[in-house]
Amino acid sequence: MPELPEVETVRAGLEPAVTGSTVTSVSVLDARSLRRHDGPVEDFADQLLGAIFDGAVRRGKFLWLPIAGSGRALVAHLGMSGQVLLRAPAASPDRLLRVRIGIESPQHGELVVAFVDQRIFGSMSVRDLVPTADGRAAGRGLDDARIPDQVAHIARDPLDPAFDDRAFFAALRRRRTGIKRALLDQTLVSGIGNIYADEALWAARLHFDAPTETLSRPRATTLLAEVRLILARAVAEGGTSFDAQYVNVNGASGYFSHSLNAYGQQGRACPRCGRPIVREAFMNRNSHFCPYCQRLRAR
DNA sequence: AGCGAGCCCTGCGCGC
DNA sequence: TGCGCGCAGGGCTCGC
């Protein structure tokens, strides 16, 4: 499920439940979900038991819960199919449950943080926090300039107030690659995946393979603005209210609750010009675009 | 530097 | 009904 808006929905849903909560139990049902944890399963559980979470923070598609007084955080990445769900302790286990973390919340009582992941491309891990390179807050959710070492190489996302537009444009100009490759490069700009890349490129009328170095400043500015617009709109639509009874912070509503203009629309009419949207193989995935509105040569 | 390929995996929906 | 296949929103590493 997860690009930035979906992960933000999860973060916002988790925040009120986990902040100030104490971990009371840890159960790892599939050790493969801890692939990115530096140590054995027992170590993961040991680090978490008794931990108190300071909040829920996100940068790009990475999510983490800082552990009070430890200099560490529980880090989650959802991969292609991961979900973090809040459950009542007595609820029957979700299908594809990989990690189950019991917490005691000051306001909401006992809850379960359930990490569900079909393909196991996602992961949970306990990682050390390191200072951010620029000394600014690491991500959305907490004013703390420390970031998990696993996330330190990930660029800020376009909704981050500390995102540096000028540095982004300069980096873009230095690149010798196609614009979609650049958008998907999480070390250049984070949070954008295949869906929102296609949607932003459609909105900015850019071909996915347009060379970054030839992208004019106005077109790059337009593209970044479209990225922000699309991400922000999806975040607004994905917002889930917290319900202490039976909580589901699944961000699934994000993608499909609003109409997509390009992604998955192959064969259907381009909403702008009426000609058919095309799907083309790209980076072991697909690109969806309008060959008329999004031509390789600038018009 | 950046690309392509390969790999990590499971389950769904579709066509036959 | 059952089977095989293609498909899926990510990220990391490696060799070139």
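Keep in mind that this is a model prediction, so the values were computed, not measured.
Where DNA chain C pairs in unbroken runs of 3 or more (Watson-Crick or G-U, both distances under 3.5 Å), the stems are B:2-8 with C:10-16, B:10-16 with C:2-8.
Look at A/Arg146 and A/Asp128 and you find no salt bridge, because none of the NZ, NE, NH1 or NH2 atoms lies under 4.0 Å from a carboxylate O. By the 4.0 Å N-to-carboxylate-O rule, A/Asp164 lies too far from A/Arg166 to be salt-bridged with it. A salt bridge is absent between A/Lys61 and A/Asp157; no separation between the charged side-chain nitrogens and carboxylate oxygens falls under 4.0 Å. Between A/Glu8 and A/Arg58 there is a salt bridge, since at least one side-chain N of the basic residue sits less than 4.0 Å from a carboxylate O of the acidic one. Ionic pairing of A/Asp117 and A/Arg98 is not present here: no N-O contact between side-chain nitrogen and carboxylate oxygen is shorter than 4.0 angstrom.
At B/dC12, none of the side-chain N or O atoms of A/Arg119 fall inside 4.0 Å of OP1 or OP2 (strictly under the cut-off). Between A/Gln118 and C/dA8 there is no side-chain N or O to OP1 or OP2 distance below 4.0 Å. Residue A/Arg32 places no side-chain N or O under 4.0 Å from the OP1 or OP2 atom of B/dC8. Taking only side-chain nitrogens and oxygens, A/His77 comes nearer than 4.0 Å to OP1 or OP2 of C/dG11. The phosphate of B/dC3 (OP1 or OP2) has no side-chain N or O of A/Arg175 nearer than 4.0 angstrom.
Between B/dC8, C/dG10, C/dC12, one nucleotide has an atom nearer to the side chain of A/Met80 than all others, and that is C/dG10. Closest to the side chain of A/Arg279, out of B/dG6, C/dC7, B/dG2, is C/dC7. For A/Arg35, the listed nucleotide lying nearest its side chain is B/dC9; candidates were B/dC9, C/dA8, B/dT10. The side chain of A/Ile120 lies closest to B/dT10 when the candidates are C/dG10, C/dG11, B/dT10. The side chain of A/Arg95 has B/dC12 as its nearest neighbour among C/dG10, B/dG6, B/dC12. With C/dA8, C/dG10, B/dA5 as the choices, the nucleotide that has an atom nearest any side-chain atom of A/Phe121 turns out to be C/dG10. Closest contact between the side chain of A/Asn286 and the listed nucleotides B/dC8, C/dG11, C/dA8 involves C/dA8.
Between A/His37 and A/Phe44, the angle of the ring planes goes over 60°, which puts this pair in the perpendicular group of the 30/60° scheme.
Atom OH of A/Tyr196 is separated from atom C1' of C/dG10 by 15 Å (rounded to the nearest Å). Between the P atom of C/dG10 and the CG atom of A/Asp157 lies a distance of 15 Å, rounded to the nearest Å. Summarising the geometry, the separation between CG on A/Leu29 and C1' on B/dT10 is reported as 16 Å, rounded to the nearest angstrom. When rounded to the nearest whole Å, the span between CG of A/Asp30 and P of B/dT10 equals 8 Å. If you measure from atom CE of A/Met283 to atom P of C/dC12, you get 12 Å, rounded to the nearest angstrom. For A/His37 and C/dC12, the NE2 to P distance is 18 Å, given to the nearest whole Å. Rounded to whole Å, atom C1' of C/dC7 lies 18 Å from atom CZ of A/Phe282. Atom CD of A/Gln83 is separated from atom P of C/dA8 by 19 Å (rounded to the nearest Å).
For the P atoms, the distance from C/dG6 to B/dG6 is 16 Å, rounded to whole Å. Nucleotides C/dG4 and B/dC8 are separated by 23 Å at their C1' atoms, to the nearest Å.
The 12-atom threshold is not exceeded at CZ of A/Arg136, counting heavy atoms of other residues, nucleotides or ligands nearer than 6.0 Å.
Residue contacts for A/Leu96: at a heavy-atom cut-off of 4.0 Å it reaches the sugar-phosphate backbone alone, with no base atom in range.
Under a 3.5 Å cut-off, the side chain of A/Arg11 and the backbone N or O of A/Ala56 do form a donor-acceptor pair.
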Next on the checklist: Set out, in order, the CA-CA distance, both residues' side-chain angles and the distance that settles side-chain contact (heavy atoms from CB on, under 4.5 Å) for A/Glu3 and A/Val7, then state yes or no.
Outcome noted: CA-CA 6 Å; A/Glu3 296 184 30; A/Val7 182; over 6 Å; no
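Ranked by how close their nearest DNA chain B nucleotide is to the 5' end, A/Asp185 and A/Asn284 are led by A/Asp185.
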